[in-house]
Amino acid sequence: MEEGYVEINSVPTRVITMGGWINKDRTVSKKHLIIVIPGNPGLIGYYEHFVRSLYDELLGEYVIWGLGHAGHDFPTNVILPSVNDKPELFTLDGQVNHKIDFIDTYVPADVNLHFIGHSIGAKICVELVKRYRDTHNAAAYLLFPTLERMAQTPSGRKLWPILGPLRKVVVFAASLLHRLPESWLTPIVEWAMRSKGSHLAIESSTSSSSAPSAAHVNVRTTMKLLHPQALERSLFMAHDELKVVGELNANDIRLHSDRLVLYFGTKDHWCPLEYCQNLQRQIPEARAIVCPHGFEHAFVLRSSQQMATIVSEWIKDLSSKTLM
């Protein structure tokens, strides 16, 4: 795996790749390119194990790029524009434009695009399929998608005070934690993740044994999220999501239903099962699948390998039917 930062709209953005690094020559070694769009928090580090596993499941025949959200992860000692000075960079619409600018800069014209969007990343991917379906045969695989009425979900109702009036207090508390020595902060993060049921054991995987464990990567990534600049932008984006993600845009899903796979959880507090049923009623032709395995919304913390196996089959199936 290669990783680094590229500048998009003056914001350094973390990218991880398998199968080849990005470059401004816009060259890709394969005819199929997969781009992974995270949920929120949009630190692509949480998806490292998923990307490695997916690459292995596809036998290295697809290039995979994982693209973080603007402002959620950045190099040390970099000062980003604030959400007050440049709010348009960090809203949901701003993150959509961020992905479009990245694709237009780095993706060659002759490649088939597969988008994998998780949570709010699924909403972003619908917009990307609309834009790139004709030019890049774009398709998308939407995992635990937050496509409607986010503020009315159990998680949305619970987090609204934190995302609104209490946001500055949360960011201040994170700034105090961030000042702790790493040797102190690491066990605190490990304890907090365990108390929330996050997976801190090494997942079984066919990936290279030289890769860091999922546990190590998840803890390391969470420590980055505690940077006050990163957390502020993540919370700002989440607040915007609750305000702007309203009723299901059934027309867009219907129009592109042959290029979309939607995967819903049975115990998802960001996307209750009734939302899946609502989509199925309005768009019966949509390929909407209910997870039979009990995966959580934040699948990257416990089920990256299993999810990669499932998604790889969708990609191979759709590639053989429509994207050759």
* To do: Not counting sequence neighbours, which residues clear ring pair (Phe, Tyr, Trp, His ring centres under 6.0 Å) with His69? List them please.
  => His72

* **Donor-acceptor side-chain pairing of Ser82 and Asp85 below 3.5 angstrom** => yes

* Asked: With a 3.5 Å cut-off and no angle check, do the side chains of Thr13 and His98 form a donor-acceptor pair?
  -> yes

* Kindly indicate, with the supporting measurements, whether the criterion side-chain contact (heavy atoms from CB on, under 4.5 Å) is fulfilled by Leu147 and Asn249. => CA-CA 8 Å; Leu147 301 175; Asn249 189 335; over 6 Å; no

Check: [Y] and [X] side chains under 4.5 Å, non-hydrogen atoms:
{"X": "Glu232", "Y": "Val83", "value": "yes"}
{"X": "Phe264", "Y": "Cys291", "value": "no"}
{"X": "Leu185", "Y": "Leu226", "value": "yes"}
{"X": "Pro81", "Y": "Ser10", "value": "no"}
{"X": "Ile103", "Y": "Leu113", "value": "yes"}
{"X": "Leu89", "Y": "Val11", "value": "yes"}
{"X": "Leu142", "Y": "Val261", "value": "no"}
{"X": "Asp268", "Y": "Tyr275", "value": "no"}

Would [X] and [Y] show up in the same hydrophobic cluster when neighbours are defined by side-chain heavy atoms closer than 4.5 Å?
{"X": "Val28", "Y": "Phe102", "result": "yes"}
{"X": "Leu159", "Y": "Leu225", "result": "yes"}
{"X": "Ile289", "Y": "Leu260", "result": "yes"}
{"X": "Trp21", "Y": "Val63", "result": "yes"}
{"X": "Val290", "Y": "Met307", "result": "no"}

Taking [X] for its side chain and [Y] for its backbone only, find out whether a donor-acceptor pair lies under 3.5 Å.
{"X": "Arg167", "Y": "Ile162", "answer": "no"}
{"X": "Thr91", "Y": "Gly94", "answer": "yes"}
{"X": "Asp240", "Y": "Leu92", "answer": "yes"}
{"X": "Ser312", "Y": "Leu58", "answer": "no"}
{"X": "His227", "Y": "Gln229", "answer": "yes"}
{"X": "Ser234", "Y": "Leu231", "answer": "no"}
{"X": "Ser319", "Y": "Lys316", "answer": "no"}
{"X": "Asn137", "Y": "Asn112", "answer": "no"}
{"X": "His118", "Y": "His297", "answer": "yes"}

Drop me the distance from [X]'s [atom1] to [Y]'s [atom2], to the nearest 0.5 angstrom.
{"X": "Asn40", "Y": "Ile124", "atom1": "CG", "atom2": "CD1", "answer": "9.0 Å"}
{"X": "Ile253", "Y": "Glu285", "atom1": "CD1", "atom2": "CD", "answer": "10.5 Å"}
{"X": "Leu33", "Y": "Ile64", "atom1": "CG", "atom2": "CD1", "answer": "9.0 Å"}
{"X": "Arg149", "Y": "Glu247", "atom1": "CZ", "atom2": "CD", "answer": "5.5 Å"}
{"X": "Leu43", "Y": "Lys224", "atom1": "CG", "atom2": "NZ", "answer": "7.5 Å"}
{"X": "Leu262", "Y": "Leu279", "atom1": "CG", "atom2": "CG", "answer": "6.0 Å"}

* Structure fact -> Taken in chain and number order and not counting sequence neighbours, the residues that satisfy salt bridge (charged side-chain N to carboxylate O under 4.0 Å, His left out) with Glu61 are none

* Asked: Testing Asn278, Thr266, Thr153 for side chain to side chain contact (heavy atoms under 4.5 Å, CB included) with Pro272, which one passes?
  -> Thr153

Write down the atom of [X], the atom of [Y], and the distance for their closest heavy-atom approach.
{"X": "Val129", "Y": "Ala139", "value": "CG2-C, 3.9 Å"}
{"X": "Ala286", "Y": "Ser257", "value": "CA-CB, 4.2 Å"}
{"X": "Ile120", "Y": "Met150", "value": "CD1-SD, 3.9 Å"}
{"X": "Ser155", "Y": "Trp270", "value": "CB-CE2, 3.3 Å"}
{"X": "Pro12", "Y": "Tyr5", "value": "C-CD2, 4.3 Å"}
{"X": "Cys125", "Y": "Ile37", "value": "SG-CG1, 3.7 Å"}

Can [X] and [Y] be counted as an ion pair, charged N to O under 4.0 angstrom?
{"X": "Arg287", "Y": "Asp317", "answer": "yes"}
{"X": "Glu148", "Y": "Lys123", "answer": "no"}
{"X": "Glu7", "Y": "Arg14", "answer": "no"}

* Asked: Could you walk me through whether Asp258 and Arg133 pass the salt bridge (charged side-chain N to carboxylate O under 4.0 Å, His left out) check?
  -> CA-CA 11 Å; Asp258 60 322; Arg133 172 173 181 151; 2.8 Å; yes

* Passes side chain to side chain donor-acceptor pair (under 3.5 Å), Ser304 versus Tyr47? Steps please. -> CA-CA 8 Å; Ser304 291; Tyr47 298 80; over 6 Å; no

* To do: Verify side-chain contact (heavy atoms from CB on, under 4.5 Å) between Val6 and Ile22, making sure each step is shown before the conclusion.
  => CA-CA 9 Å; Val6 297; Ile22 62 175; 3.2 Å; yes

* Asked: Going through the distances and angles, do Asn218 and Thr221 end up as a side chain to side chain donor-acceptor pair (under 3.5 Å)?
  -> CA-CA 5 Å; Asn218 289 338; Thr221 303; 5.5 Å; no

* Glu57 and Thr309: side chain to side chain donor-acceptor pair (under 3.5 Å), yes or no, with the steps? -> CA-CA 6 Å; Glu57 291 285 345; Thr309 301; 2.9 Å; yes

* For this output row, return yes or no: ring centroids of Trp65 and Tyr106 closer than 6.0 angstrom. => no

* **Phe295/Phe144 aromatic ring centres below 6.0 Å** => no

* **salt bridge (charged side-chain N to carboxylate O under 4.0 Å, His left out) contacts in which one or both residues fall within residues 90-112, not counting sequence neighbours** => Asp104-Arg131

* Test log, rule side chain to side chain donor-acceptor pair (under 3.5 Å), inputs Tyr141 and His114 -> CA-CA 8 Å; Tyr141 314 90; His114 303 257; 2.9 Å; yes

* Take Val15 and Ile44 through the side-chain contact (heavy atoms from CB on, under 4.5 Å) test and state the conclusion after the steps. => CA-CA 7 Å; Val15 179; Ile44 200 63; over 6 Å; no

* **More than 12 heavy atoms from other groups under 6.0 Å of CD on Glu182** => no

